[in-house]
**Q** 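Let me give you the structure first, and then I'll get to my questions.
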Amino acid sequence: MEKHKLRILFVEDDDLMRETISNILSKSADEVFLAENGLKGLELYKEHKPEIVITDIMMPEMNGLEMIRKIRQEGIPVKIAVVSAYSEKENFLRSITLGVNNFLIKPISYRDLLKVIDDFANVIFMEKKIEDERNQRFQAQEELKKAHVELESRVIERTHELAVANQQLREFQETLQDKIEKSVAEIRMKDHIMMLQSRQAVMGEMIGHIGHQWRQPLNTIGLLTQSMLFSFRNNNLTDEVFDERVSKIMEILDHMSVTIDDFRDFFNPNREKTTFEADRIIRKTISFVENSFQKHKITLRYEKEDDCIIEGFENEYSQVLMNLLINAKDALVHNRQDNRKIAIRLSSQLGQSCLEVEDNAGGIPEEIRENIFQPYFTTKKDHKGTGLGLYICRTIVEKNMSGKIEIRNTNTGVIFTIRI
Ligand SMILES: Nc1ncnc2c1ncn2[C@@H]1O[C@H](COP(=O)(O)OP(=O)(O)OP(=O)(O)O)[C@@H](O)[C@H]1O
Ligand SMILES: [Mg+2]
């Protein structure tokens with residue numbers, strides 16, 4: 001029979017019997033504690049807490065039943081068997097109420113005793129297994145709970161981290177947005193300032209144009225006024241003559257103010273895109289410069305092959321042409337003594353308007369070709385150029401009107417082409 005790892009308390013007042021049974025028990029148990037009465041038995045029980053108690057009932061000092069009652073008070077489900085003579089039946093009944101687990105009838109047979117111990121051992125083993133499993137399950141549940149709590153706290157932590165990261169991202173985006181807006185505003189401002197600077201550069205040309213436009217009408221007004229004075233002095237200034245002269249002067253003044261309006265329009269940048277006839281703007285722009293060109297003995301030729309309608313800003317378009325014409329004039333005056341020529345051509349190509357401005361001033365040297373569109377690049381000495389003209393031309397054509405500005409040298413000069 002398999003030896004159980006058990007500790008047994010055996011309580012018996014008969015010395016011989018205690019001795020004999022103890023020998024049998026030690027074969028099944030790891031340890032056997034012996035007591036000769038209930039009091040001693042209780043003491044040993046409290047000291048060693050054995051798994052099994054086998055006790056006689058009738059003993060001095062404290063009987064077996066009293067001892068069992070006290071042991072039960074400890075609250076441990078220790079296995080207890082009582083040993084009693086068959087004649088003491090009432091002891092068995094009383095022991096049932098004390099929760100005794102088994103009985104042995106005197107005289108105790110070796111087999112019965114081992115069977116009781118074996119049964120107890122099995123029950124203890126099963127109980128232990130169940131307890132172990134329960135403990136394991138409990139532990140697993142605890143671990144699960146712990147893991148759950150940990151997971152939850154990690155989720156909370158991670159959510160918090162994400163929220164912080166999100167907030168930072170949002171702030172970053174906002175500052176980025178701010179920076180972009182600021183830079184865009186700065187660039188716009190810079191472009192605007194450059195545009196103004198460039199307009200000032202062509203102002204000289206415009207003022208020359210006004211001067212010229214006004215010289216003739218001012219002359220006429222002078223003559224009309226003098227002739228009125230003459231008639232008045234000679235007493236033949238009739239009402240009709242007076243009215244006629246005054247309305248003539250008013251007509252001339254109206255005409256003069258058109259020149260001023262043109263000038264003012266040119267310096268008022270268009271806010272809204274409109275559709276306009278390229279031909280009309282080209283002619284008006286030519287009229288601004290032709291007087292000064294004549295003075296420099298420059299022949300200006302304009303050919304219109306097709307009608308072109310452009311969507312964009314007409315004043316800016318005019319400004320581009322003006323810049324190109326002034327550049328050509330400057331180059332001609334600088335490089336040529338005679339036969340100074342500028343040709344302007346307007347045509348329609350692949351659904352786009354194509355404006356060409358060609359001169360015979362010798363062209364643009366290869367080494368500065370890349371630079372001429374850079375802001376503030378100029379080859380003109382003594383502050384005669386700001387270097388903004390072509391930069392503004394490109395901004396207007398390519399940024400504001402989604403077109404293209406190109407240059408190519410010819411044998412005698414250069415051709416600027418503007419496609420919009
Ligand atoms: N038709 C041309 N022939 C030769 N060189 C030219 C011609 N057009 C421009 N250039 C060169 O390109 C440079 C840059 O021209 P841009 O119009 O940008 O500035 P600028 O004429 O020097 O000064 P601004 O136009 O501001 O008065 C000129 O200084 C000149 O060297
Ligand atoms: Mg220029």
Side-chain angles (χ1 to χ4, degrees), residues 187 190-209 263 266-267 269 282 285-286 288-290 292-303 315-346 354-401 403-419:
I187 290 170
K190 210 180 79 200
D191 270 357
H192 182 68
I193 290 168
M194 285 179 169
M195 189 85 91
L196 290 180
Q197 284 176 330
S198 169
R199 277 165 201 270
Q200 316 249 292
V202 296
M203 192 131 71
E205 223 64 40
M206 297 287 290
I207 287 172
H209 162 72
F263 183 72
F266 183 82
F267 283 92
I282 293 166
T285 312
I286 291 172
F288 289 156
V289 297
E290 91 201 316
S292 115
F293 281 27
Q294 272 165 17
K295 262 200 323 230
H296 289 106
K297 301 199 169 58
I298 295 169
T299 320
L300 187 65
R301 224 179 53 229
Y302 169 48
E303 278 169 31
N315 285 350
E316 296 190 350
Y317 188 72
S318 167
Q319 192 182 350
V320 171
L321 178 57
M322 184 88 110
N323 274 324
L324 297 183
L325 292 175
I326 295 171
N327 279 350
K329 179 205 76 181
D330 288 346
L332 287 167
V333 171
H334 190 260
N335 300 337
R336 283 192 84 100
Q337 297 306 314
D338 55 6
N339 194 24
R340 296 169 174 165
K341 276 188 198 159
I342 296 175
I344 302 170
R345 280 181 297 275
L346 175 69
C354 171
L355 174 66
E356 287 181 320
V357 178
E358 179 176 1
D359 64 52
N360 61 346
I364 295 170
E366 200 56 52
E367 59 274 18
I368 64 163
R369 275 275 280 278
E370 292 296 309
N371 304 330
I372 58 168
F373 289 103
Q374 299 297 322
Y376 303 111
F377 175 85
T378 180
T379 56
K380 295 169 191 169
K381 305 264 156 52
D382 306 325
H383 304 292
K384 285 209 178 97
T386 64
L388 283 172
L390 289 177
Y391 171 74
I392 294 298
C393 286
R394 182 136 92 177
T395 306
I396 290 173
V397 173
E398 300 190 352
K399 267 208 213 149
N400 301 4
M401 296 205 244
K404 193 96 197 120
I405 182 163
E406 285 158 2
I407 47 166
R408 71 173 191 277
N409 275 333
T410 64
N411 289 338
T412 52
V414 65
I415 303 180
F416 279 84
T417 310
I418 286 148
R419 295 174 209 279

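Counting starts at 1 for both ligands and their atoms, in listed order. It should be emphasised that the depicted structure is a prediction, and the values quoted were computed from it without experimental measurement. Just so you know, residue 1 is the first one in the sequence shown, and it goes up from there.
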**Q** Taking atom types as modelled and ignoring hydrogens, do the side chains of Tyr391 and Asp191 form a donor-acceptor contact shorter than 3.5 angstrom?
**A**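 Yes, Asp191 and Tyr391 have a side-chain donor paired with an acceptor closer than 3.5 Å.
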
**Q** If you measure every N/O of Thr378 against every N/O of ligand 1, is any gap under 3.5 Å?
**A** yes

**Q** In terms of atom number and element, which parts of ligand 1 are under 4.0 angstrom from non-hydrogen atoms of Ile372?
**A**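 Selected atoms, number and element: 11 (C), 12 (O), 13 (C), 14 (C), 18 (O).
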
**Q** Just to be sure I'm reading this right: ignoring hydrogens, which of Ile364, Asp359, Asn360 gets closest to atom 10 (N) of ligand 1? Compare them by their nearest heavy atoms.
**A**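 The option holding the nearest heavy atom is Ile364.
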
**Q** Look at the N, O or S atoms of Thr378, main chain and side chain alike, and state whether any lies under 2.8 Å from the Mg ion (ligand 2).
**A**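 Short answer: no, not a single N, O or S atom is under the cut-off.
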
**Q** Hey, is the main chain of Gly413 close enough, under 3.5 Å, to the side chain of Glu358 for a donor-acceptor pair?
**A**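 Not a single qualifying donor-acceptor pair exists.
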
**Q** Taking 4.0 angstrom as the limit and counting only heavy atoms of Phe377, give me the atoms of ligand 1 inside it, by number and element.
**A** 14 (C), 19 (O)

**Q** Show which atoms of ligand 1 fall inside a sub-4.0 Å distance from at least one heavy-atom site of Gly363.
**A** 4 (C)

**Q** Other residues, nucleotides and ligands only: do more than 12 of their heavy atoms fall within 6.0 Å of CD on Gln337?
**A** no

**Q** Distance under 4.0 Å to a non-hydrogen atom of Val414: what atoms of ligand 1 satisfy this?
**A** 1 (N), 2 (C), 3 (N)

**Q** Of the listed options (Leu325, Asn409, Thr379), which comes nearest to atom 29 (O) of ligand 1 when hydrogens are ignored and any heavy atom counts?
**A** Thr379

**Q** Show the atoms of ligand 1 that are less than 4.0 angstrom away from any heavy atom in Leu388.
**A** 26 (O)

**Q** Answer yes or no: are there more than 12 heavy-atom neighbours, outside Arg369 itself, under 6.0 Å from its atom CZ?
**A**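 Atom CZ in Arg369 is crowded, with more than 12 foreign heavy atoms closer than 6.0 Å.
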
**Q** If the threshold is 4.0 Å, N to carboxylate O, is there a salt bridge linking Glu406 and Lys404?
**A** no

**Q** Could you name the option among Gly387, Pro375, Gly362 that has the heavy atom nearest to atom 19 (O) of ligand 1?
**A**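 Selected option, by shortest heavy-atom distance: Gly387.
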
**Q** Where the closest heavy atom to atom 15 (O) of ligand 1 is concerned, which of Leu324, Ile326, Leu390 has it?
**A**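 Residue with the shortest heavy-atom distance to the ligand atom: Leu390.
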
**Q** If we only count N/O pairs under 3.5 Å, is Asn323 in contact with ligand 1?
**A**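 It does not: no N or O of Asn323 is found under 3.5 Å from an N or O of ligand 1.
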
**Q** If you measure from atom 25 (O) of ligand 1 to every heavy atom of Ala331, Gly389, Gly413, which option wins on shortest distance?
**A** Gly389

**Q** Below 3.5 Å, N or O to N or O, backbone or side chain included: is there any such pair between Asp330 and ligand 1?
**A**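 Between Asp330 and ligand 1 (N or O atoms, distance only) the closest approach is not under 3.5 Å.
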
**Q** Can you tell me how far apart CD1 (Ile187) and OG1 (Thr395) are? Round to the nearest 0.5 Å.
**A** 11.0 Å

**Q** Verify, without hydrogens or angle tests, whether Asn409 (side chain) and Ile364 (backbone) share a donor-acceptor contact under 3.5 angstrom.
**A**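 Answer holds: yes.
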
**Q** When you measure from the side chain of Asn360 to the backbone N and O of Asn339, does any donor-acceptor pair fall under 3.5 Å?
**A** yes

**Q** Does a sphere of radius 6.0 Å around NZ in Lys297 hold more than 12 heavy atoms from other residues, nucleotides or ligands, not counting ones at 6.0 Å or beyond?
**A**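 No, NZ of Lys297 has 12 or fewer neighbouring heavy atoms, counting only those of other groups under 6.0 Å.
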
